[in-house]
Amino acid sequence: MNQARFVVGVFSIFPAFGIVLPGAQQVITVEVFAELSGKSEEILHIDITDRDPNDNPGGIPYRLVTEACLPGRITPARAGGRHSLWGWVGGCL
């Protein structure tokens, strides 16, 4: 059976839907495709059949958060004399 992916923001979730019987389990894979540095956050609402409709009527909220950084390095910079300063070159530290 070919399962679909659900893409929201920088996140790709697989499988996008399915049936999990009582006592069983299902692995859900979340991949991140970040092209720029920074924080990304999405809130999904998961619906479960036959659950109490008064408990989160819009679906059970599930938050996905990631922070992507550009590669960087610590480099020395001369401050004169025998002293060195170290600086970060890159996206996040």
Side-chain angles (χ1 to χ4, degrees):
M1 181 174 171
N2 187 12
Q3 290 283 339
R5 289 183 180 271
F6 176 65
V7 177
V8 57
V10 299
F11 300 99
S12 176
I13 299 119
F14 174 82
F17 58 90
I19 297 172
V20 181
L21 299 175
Q25 59 187 4
Q26 170 67 51
V27 173
I28 298 173
T29 301
V30 178
E31 296 176 325
V32 176
F33 296 100
E35 295 181 3
L36 301 173
S37 65
K39 183 177 177 180
S40 297
E41 181 174 346
E42 299 290 341
I43 297 177
L44 307 177
H45 295 275
I46 300 171
D47 188 31
I48 299 173
T49 306
D50 296 332
R51 67 180 178 86
D52 182 358
N54 296 319
D55 180 20
N56 294 298
I60 299 168
Y62 192 85
R63 193 172 108 183
L64 297 173
V65 180
T66 189
E67 186 169 358
C69 298
L70 297 174
R73 63 186 185 283
I74 297 176
T75 59
R78 288 279 176 211
R82 293 179 282 169
H83 303 285
S84 294
L85 299 175
W86 290 85
W88 178 255
V89 179
C92 303
L93 181 63

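Predicted, not measured: the structure shown is a model, and the values here were computed from it. The figures here come from the full heavy-atom set of this structure, side chains too, leaving out hydrogens, waters and symmetry mates.
What you find for Ala68 and Ala34 is that their closest heavy atoms are CB-CB, 3.5 Å. Across all non-hydrogen atoms, the minimal contact from Ala4 to Phe14 is O-CD1, 3.9 Å. The shortest non-hydrogen separation linking Ile28 to Pro15 is CA-CD, 4.4 Å.
Val32 is listed as a side-chain neighbour of Phe11, based on a closest heavy-atom distance under 4.5 Å.
Taking hydrophobic clusters as Ile, Leu, Val, Met, Phe, Trp and Tyr residues chained together by side-chain heavy-atom distances below 4.5 Å, Val30 does not share a cluster with Ile43.
Of the inter-residue distances, the one linking Asp47 atom CG with Ile60 atom CD1 reads 8.0 Å to the nearest 0.5 angstrom. Note: Leu64 CG to Ile13 CD1 = 5.5 Å, rounded to the nearest 0.5 Å. Atom NZ of residue Lys39 and atom OG1 of residue Thr66 lie 10.5 Å apart, to the nearest 0.5 angstrom.
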Worked check of side-chain contact (heavy atoms from CB on, under 4.5 Å) between Phe33 and Val7: CA-CA 10 Å; Phe33 296 100; Val7 177; over 6 Å; no
Using a 3.5 Å cut-off and no angle test, enumerate the donor-acceptor pairs between side-chain atoms of residues 51-59 and protein atoms at least two apart in sequence or in another chain.
| residue | atom | partner | partner atom | Å |
| --- | --- | --- | --- | --- |
| Arg51 | NH1 | Asp55 | O | 2.3 |
| Arg51 | NH1 | Asn56 | O | 3.3 |
| Arg51 | NH2 | Asn56 | O | 2.8 |
| Asp52 | OD1 | Asn54 | N | 3.0 |

